[in-house]
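Taking it in order: structure first as structure tokens, then the write-up.
Naming: A, B, ... by sequence-line order, numbering from 1 per chain.
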There are 2 protein chains.
Amino acid sequence: MQTSGGPTASTGSRRGRRRTLSEDEILDAAMALLDEGGPKAASIRGIAAAVGVAPNAVYTYFPDKAAVVEALIERLLGEVNHDVFADRAQPWRLRLEALALELRRRLCEHPGAVPLMIGGPMNGPHALSLNERLLELLADAGLDPVDAARASYLLIVYAFGSIALQLADVSEPGPAPPEPERIAIRHHAFARMPAGRYPRAATVTTTMAEYISTEQYLWGLHRLFDGITAHAAARTESS
Amino acid sequence: MQTSGGPTASTGSRRGRRRTLSEDEILDAAMALLDEGGPKAASIRGIAAAVGVAPNAVYTYFPDKAAVVEALIERLLGEVNHDVFADRAQPWRLRLEALALELRRRLCEHPGAVPLMIGGPMNGPHALSLNERLLELLADAGLDPVDAARASYLLIVYAFGSIALQLADVSEPGPAPPEPERIAIRHHAFARMPAGRYPRAATVTTTMAEYISTEQYLWGLHRLFDGITAHAAARTESS
DNA sequence: GCCATTTCTGTACGTGGTACAAATATTGTA
DNA sequence: TACAATATTTGTACCACGTACAGAAATGGC
């Protein structure tokens, strides 16, 4: 694929018409459109219009729309703060929770991007480095390489799946009626919600989803931790 | 939305031109296109051509393309065999594993459908009944309603997320080169693979992914079980 | 001051979803 | 049996999308 990189990324002396665009500008516009209009709104034509340029100008910087999306995802993953969980002096559960929350926060800031991440492969350097950190962390937790790989997969699946499923209802901005069935499914989980913490108007959908999901997200995460530690303990005991 | 239902679903006596189509025929064609050409190939025009009809004829049966997709998903979920895990005499872990595997088998038969499920909300009757069964099962496992709701969410996220992430690489049929990075990520997990169980040619991608994922899927599932049981035990103990 | 090079625009093609009206086939009723 | 009402399908058309191609505009090196 090799879709990354600019138009003349390695050209030393630049000749020709002055650039009125930059890759970052394009990605900014794409992200903005994604955030306010969902994946459908982040079209090449829309992006170009947002930066005040003809649609084809984008193709000077990216060979494909897929490349734009890929770069967008990579940049978003690159913004995930690694420092939070890099301190190996801290207990691993704490570091892992910090990572999971940081990742979630970033993704929730850009709901429209999540479907795109799920849809396509994530093989960029940032995605890889994230995975590397995760493996390192799980090794610290006492897992052997095979189990660490599996556990990392498990955690990644959980993080992305959780966010994707949570945002599935909201990612397409529009009417989004409060269908009673959807509420019913989640009825139990609301039982413990403190009263008066969320508004009752149109924003209620997002807010409730946000609230409920943070709780559920953490709950599930800790069940995962329990399962992983139990497994690790059983391993070291039997050997 | 109320998108379901035929054109004149509740009309007793039908007058007019004989129907050459049926909703099921349309859904069959859509599924076939989805399976062989990915989500992109399942266009209204493609479906109509497959059943030998003008594109607009589809709109007699479904108001939207979204409605077609929704019906497709619902039908797929309806095919999930509930009996496997309905036998409340069996231990719950066994029943849950059976459900998870059955769900996975069904979805893996139609990889193209998975991105569609993730993208949109699943609120149809079949999706709801599946959730209901799950809650029932988790209650049998000794979880109180709140925890059961959270655990069901956790399991659903895991099942769908796992399958979606696994299929993300394959869902778009085409070149799909064996990028070295992607292999590298999964390197550890292959360590335990029995030798000579899978071919080495072009099909290797799918086959390996399939193999590795079934193992990882089950591994993760059992970590989840461990975490859930540990939590349930801690709960009943403290009360 | 010219030229090679880079960047952007104009235009156009194919495909997608879908609205509108006309054509067609069927059946209840006269 | 002929007619009218109605359900289904087709023809045509529109607009948005991704993107290919050729040409125009602007720039720095000579």
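- Counting atom types as modelled, Asn56(A) pairs a side-chain N or O with a base atom of dG10(C) as donor and acceptor under 3.5 Å.
- For the pair Thr20(B) and dT8(D), the criterion of a side-chain N or O lying under 4.0 Å from OP1 or OP2 is not met.
- Summarising the geometry, the separation between NZ on Lys40(A) and C1' on dG18(D) is reported as 16 Å, rounded to the nearest angstrom.
- Scanning all heavy atoms of the two residues, the minimum distance from Ala71(A) to Phe62(A) falls at CB-CE2, 3.8 Å.
- Using a distance-only test at 3.5 Å, with no hydrogens or angles considered, a donor-acceptor pair links the side chain of Arg106(B) to the main chain of Glu79(B).
- With distances taken from any side-chain atom of Ala57(B) to the nucleotides dC8(C), dT9(D), dG17(C), the minimum falls on dT9(D).
- The interatomic distance linking Lys65(B) (NZ) with dA16(D) (P) rounds to 19 Å, in whole Å.
- For dC8(C), the OP1/OP2 oxygens have a side-chain nitrogen or oxygen of Tyr61(A) closer than 4.0 Å.
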Report the C-alpha distance between Tyr153(A) and Leu134(A) in whole Å, list the side-chain angles of each, state the deciding distance to 0.1 Å, and finish with yes or no for side chain to side chain contact (heavy atoms under 4.5 Å, CB included).
CA-CA 10 Å; Tyr153(A) 178 77; Leu134(A) 198 52; over 6 Å; no
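- For the pair Glu25(A) CD and dT7(C) C1', the interatomic distance rounds to 14 Å; values are reported in whole Å.
- We find that CD1 of Ile47(A) is positioned 17 Å from P of dA16(D), with the value rounded to whole Å.
- As rounded to whole Å, 13 Å separates atom P of dC21(D) from atom OH of Tyr59(A).
- Of all nucleotides listed (dC8(C), dT19(D), dT10(D)), dC8(C) comes nearest to the side chain of Thr60(A).
- Side chain of Tyr158(B) to backbone of Tyr217(B): a donor-acceptor contact under 3.5 angstrom is found.
- Look at Ser43(A) and you won't find any side-chain N or O under 4.0 angstrom from OP1 or OP2 of dA16(D).
- For Ile44(B) and dA13(D), the CD1 to P distance is 22 Å, given to the nearest whole Å.
- Distance Arg19(A) CZ to dA26(D) P: 17 Å, rounded to the nearest Å.
- The interatomic distance linking Arg45(A) (CZ) with dC15(D) (P) rounds to 13 Å, in whole Å.
- Using a distance-only test at 3.5 Å, with no hydrogens or angles considered, a donor-acceptor pair links the side chain of His126(A) to the main chain of Glu74(A).
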